[in-house]
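Structure, as structure tokens:
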Amino acid sequence: MPAPDHSAYFAFRDQLLGPLRTTVLTSEQLCEAGRLIYGEPRGLSLYGIAAPDMTAKGITLLGRTVIECSVDAYTAPVADALARLHTTTAPEGPHADDPFIADLFCGSGNFGHHLGKRLSRSVHACELDPAVHSATRKNLDLVGSAIELHLLDYRDLLGKLPARSTHDTYVVEPPWGPAFTAAGLDLTRTAPPVPEILDDIRRSRDGLPCHIAIKTNDRIAHDSLARSFTGARHLAAITPEPSLPYGANMDFHLYELTG
Ligand SMILES: C[S@@+](CC[C@H](N)C(=O)[O-])C[C@H]1O[C@@H](n2cnc3c(N)ncnc32)[C@H](O)[C@@H]1O
């Protein structure tokens, strides 16, 4: 059988990250994105709302966010894995039983939305691009999300969030940009680089361990995931069924980061 042709996906991806980067997509474009990325229009689903229903429900998504987001079918199993972890390990810290979730590069905010709901935790999220922030603000209001959303650099959010519990969880999904290479995803080249983000998190926590949820793809370059998390403990890998060629699909990992 001939290999499926994904050239339309890569051309659409270039459009969404290029000329349509901060354009609100039409219902047709959202459905096309669902089809090209996930195999069917309903595969693009955020906040429990699938692409064909988004526009009628008032959800607005920009081109870049449609490519960069973590959809419901991916975030829900990560939230389940984290919930299992939190019920099987005893938390420690000054507010051990009241941990927070910090979605540091929140984009659509969908990751924080699912983690907050599944774990019944407060969620702090930040987004630096004013256009993304504004669309996300409206979407989160529409779905009645309690996420505390800031137009801020992640370092400023970290400065406002002292460590509470070893169950505090940070979602780390910086833009990939030049990190997305033919040889795979190089996590030392994201913007900012993942090792730098992890150091910033460590510095904000005064030695108290925490959990990290990170999105990668299914092809890692230069062992950069393990190298970025040197000294941390790998807890779980969540690998959704691939819909794109090797090197273009999303995977997720949970780590315990120690001081
Ligand atoms: C890969 S996307 C995150 C996608 C998100 N997890 C979702 O499900 O929609 C990265 C986001 O981080 C934002 N960003 C980039 N640099 C940032 C920074 N220094 N602080 C906060 N947000 C930043 C970008 O504008 C972009 O929307």
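This structure is a prediction, so every number in the text was calculated from the model and none was measured. Both counts, for ligands and for their atoms, begin at 1 and track the order of listing.
Proximity of C106 to ligand 1, defined as any heavy-atom pair under 4.0 Å, is confined to the backbone N, CA, C and O atoms.
When hydrogens are left out, the protein atom nearest atom 20 (N) of ligand 1 is Y154 N, 3.0 Å; that is the closest non-hydrogen contact. With hydrogens left out, the protein atom closest to atom 22 (N) of ligand 1 is L128 N, 3.4 Å, a heavy atom.
For L104, the closest heavy-atom approach to ligand 1 falls below 4.0 Å. At least one heavy atom of L152 sits less than 4.0 Å from an atom of ligand 1.
The closest heavy-atom contact to atom 15 (C) of ligand 1, among the options A131, P175, A125, comes from P175. Nearest-residue assignment for atom 4 (C) of ligand 1 (options H114, E127, E68; heavy-atom criterion): E68. When the options H133, R64, K215 are ranked by their closest heavy atom to atom 26 (C) of ligand 1, first place goes to R64.
Within ligand 1, counting atoms from 1 as listed, the ones closer than 4.0 Å to a heavy atom of E173 are 1 (C), 2 (S), 3 (C), 4 (C), 5 (C), 6 (N), 10 (C). Set against the non-hydrogen atoms of S108, the atoms of ligand 1 under 4.0 Å away are 7 (C), 8 (O), 9 (O).
The distance criterion of under 3.5 Å between nitrogen or oxygen atoms is not met by N110 with respect to ligand 1. Not a single N or O atom of T65, backbone or side chain, sits closer than 3.5 Å to an N or O atom of ligand 1. Between D103 and ligand 1, a contact under 3.5 Å exists for no N or O pair.
Listed for the S45 side chain is no donor-acceptor partner under 3.5 Å among the backbone atoms of R42.
Within 6.0 Å of atom CG in D206, 12 or fewer heavy atoms from other residues, nucleotides or ligands are found, so the atom counts as exposed in its surroundings. When the shell of 6.0 Å around CD of E92 is examined, it contains 12 or fewer heavy atoms from other residues, nucleotides or ligands.
Aromatic pair F100/Y170: ring centres closer than 6.0 Å. Aromatic pair H150/H133: centroids not less than 6.0 angstrom apart.
For L142 against G58, the heavy-atom pair with the smallest separation is CD1-O, 3.1 Å.
Residues R137 and D141 are paired through a salt bridge, judged by an N-O separation under 4.0 Å between the basic side chain and the carboxylate.
Checked against E127 for a side-chain contact (heavy atoms from CB on, under 4.5 Å), the options S134, S108, C106 give a single hit: C106.
With 3.5 Å as the limit, one finds no donor-acceptor pair spanning the side chains of T65 and E68.
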